[in-house]
Amino acid sequence: MRDVTSLPALSGALGMVFVGGSVAVSGVLGDAPALTVQALRYAVACLLLVLYARVIGRRLVRPRGAEWLWLGGVVLTGMFVFNLALVHGARHAEPAVLGVAVACVPLLLAVGGPLLEGHTPAPRLLLAAAVVTAGAVLVQGLGRADGMGLVWALVTFVCEAGFTLLAVPLLNRHGPLGVSVHSTWMAAGVFGLAALFLEGPSPHLRAAHVFAGIYLAIAVTALAFVLWYTCVSRLGSARAGLLTGIAPIAAAAAGVALGGPMPSPLVWAGIALVALGLAVGMAPRRHLPAAASSPLPGPEVMPSLSPPTVPLALAAASPPAVAAAPLTPSATLPPAPPTPSATPPPLTPTALPTIAAPSPNPGSAAEPTAL
């Protein structure tokens, strides 16, 4: 039986294309009040997701118990701290350093994802994650950083993985749409409070900031969140993590589309490695056919257990014929012997016992019962 993973894999890949394309848009927000833009981004995305849930008739359930902690972890690591790490890390490291940190996420997901899901990591997925990571590093390129820049790169790596791993326990009950809705409204509240105290109630926003925020809200948040969590819920976090290697490729393609230089040979080699890793990791698992593992013969060699049709027909027709037929020379049965000591008549094909007809000799004893 083959695994049907094309649609979940496509949704995850499309989500990573949106994330990779946001690199060019983020450059527009370099002089914007970052906390305010992020608060508006998540608020608009949450509104869109709630409207979508109402249109499709999906009922959103309230988090309970430990689910609040998991959601808080998703918001704090994958949204709040992650964005702060990108902003502060860019002051101490080149963007390529932070990109390499994010490119290493498939390895962590290949190990941590199966453990959270209750099984051991698969060697094939570990190998595929290593190949995808190597390819993504080549695509992203290496850069320079000081000690603080390396620290922020490590924080970025952990937070990017936390965005996926901490959502795994929530997907069964809330689904991709529910996790996206709850995480976005919580993120809007966290960023809104931080913006109110750190940037003031009236930050300066230009039209370019607004349009960039709208793109982040629609494509990178509302769409990408649902697409990504759908992929994680269907494929598992380990296999889905391989698709993060598409993000740097999408970023490089967006740079070329905006007038940047063509990729170097190292970038093309990295793209080939990412494709190889995806081919290894996304290949369907092979299962033995059920008939090969069964010790019993197939139905074509097993004897039929149904009773034969001819004896049943004879059994159904013979009792009335035997009971009603007189013992005459023209009868089908042999004539009864003149003495009771003679050999009893042969067995008829009937399955039920029958009583022989009375002897023609009135003085003799009754015929014995045919067994």
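This one's a predicted model, so the numbers in the text were calculated from it and none came from an experiment. In this chain, residues are counted from 1 in sequence order.
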CG of L108 to OG1 of T133, rounded to nearest 0.5 Å, is 10.0 Å

Taken in chain and number order and not counting sequence neighbours, the residues that satisfy salt bridge (charged side-chain N to carboxylate O under 4.0 Å, His left out) with R58 are none

On a heavy-atom basis, the closest approach of F197 and L193 is CD1-O, 3.0 Å

Next on the checklist: Would you say M282 ends up clustered with L107 if hydrophobic residues are merged whenever their side chains have heavy atoms under 4.5 Å apart, either directly or through other cluster members?
Outcome noted: no

When rounded to the nearest 0.5 Å, the distance separating CG of L109 from CD of E160 is 8.0 Å

Note: L243 and A9 closest approach over all heavy atoms is CD1-O, 3.6 Å

Closest heavy-atom pair, R124 versus G281, reported as atoms and distance to 0.1 Å, is NH1-O, 3.5 Å

Q: Report the C-alpha separation of T184 and L47 in whole Å, then their side-chain angles, then the decisive distance to 0.1 Å, and conclude whether the side-chain contact (heavy atoms from CB on, under 4.5 Å) test is met.
A: CA-CA 9 Å; T184 49; L47 178 62; over 6 Å; no

Review point. Do S233 side-chain atoms and T230 backbone N/O form a donor-acceptor pair below 3.5 Å?
Key: yes

Nearest heavy-atom approach of G277 to L242 is O-CD1, 4.3 Å

In short, C159 meets F82 closest at the heavy-atom pair CB-CB, 3.9 Å

Nearest heavy-atom approach of V61 to H182 is O-NE2, 2.8 Å

Task: Same apolar cluster (I L V M F W Y, side chains within < 4.5 Å links), L165/F157 - done: yes

Worksheet item: Quick one: are V280 and L125 in side-chain contact, heavy atoms under 4.5 Å?
Response: no

- [ ] Report whether L196 and L84 are members of the same hydrophobic cluster (ILVMFWY, side-chain heavy atoms less than 4.5 Å apart, transitive linking).
- [x] no

Should V50 and C46 count as side-chain neighbours, where that means a heavy-atom distance under 4.5 Å?
yes

Q) Is there a path from L127 to V111 through hydrophobic residues (I, L, V, M, F, W, Y) whose side chains come within less than 4.5 Å of each other? A) no

Tell me whether V131 is reachable from L235 by hopping between hydrophobic residues (I, L, V, M, F, W, Y) whose side-chain heavy atoms are closer than 4.5 Å. no

From the list P114, P121, P106, side-chain contact (heavy atoms from CB on, under 4.5 Å) with L126 holds only for P121

Exercise for the section: Answer yes or no: is there a side-chain heavy-atom contact under 4.5 Å between V267 and L138? Expected result: no

Do any side-chain atoms of residues 65-80 form donor-acceptor pairs under 3.5 angstrom with protein atoms, and if so which ones, sequence neighbours left out?
from: E67; atom 1: OE1; to: R64; atom 2: N; distance (Å): 3.0
from: E67; atom 1: OE1; to: R173; atom 2: NH1; distance (Å): 2.8
from: E67; atom 1: OE1; to: H174; atom 2: NE2; distance (Å): 2.8
from: E67; atom 1: OE2; to: R173; atom 2: NH1; distance (Å): 3.4
from: W68; atom 1: NE1; to: P63; atom 2: O; distance (Å): 3.1
from: T77; atom 1: OG1; to: G73; atom 2: O; distance (Å): 2.5

One should read off an interatomic distance between S237 OG and L171 CG, to the nearest 0.5 angstrom, of 9.5 Å

Those residues at least two apart in sequence (or on a different chain) that pass ring pair (Phe, Tyr, Trp, His ring centres under 6.0 Å) with W228 are none

Got V44 and I214 here, is their nearest side-chain heavy-atom distance under 4.5 Å? no

ring-ring contact (aromatic ring centres under 6.0 Å, His included) pairs touching residues 29-56, sequence neighbours excluded, are Y42-F191

Contacts of R206 meeting salt bridge (charged side-chain N to carboxylate O under 4.0 Å, His left out) (sequence neighbours excluded), chain-then-number -> D31

| message | Could you check whether any side-chain N or O of E199 sits under 3.5 Å from a backbone N or O of L35, counting only pairs where one atom can act as donor and the other as acceptor? | response | yes

Exercise for review: List the steps, then state whether side-chain contact (heavy atoms from CB on, under 4.5 Å) holds for L205 with V37.
Suggested key: CA-CA 9 Å; L205 289 174; V37 171; 3.8 Å; yes

Just distance, no hydrogens or angles: give the donor-acceptor pairs under 3.5 Å from side chains in residues 219-227, sequence neighbours left out.
from: T221; atom 1: OG1; to: R41; atom 2: NE; distance (Å): 2.7
from: T221; atom 1: OG1; to: R41; atom 2: NH2; distance (Å): 3.2
from: T221; atom 1: OG1; to: L216; atom 2: O; distance (Å): 2.8

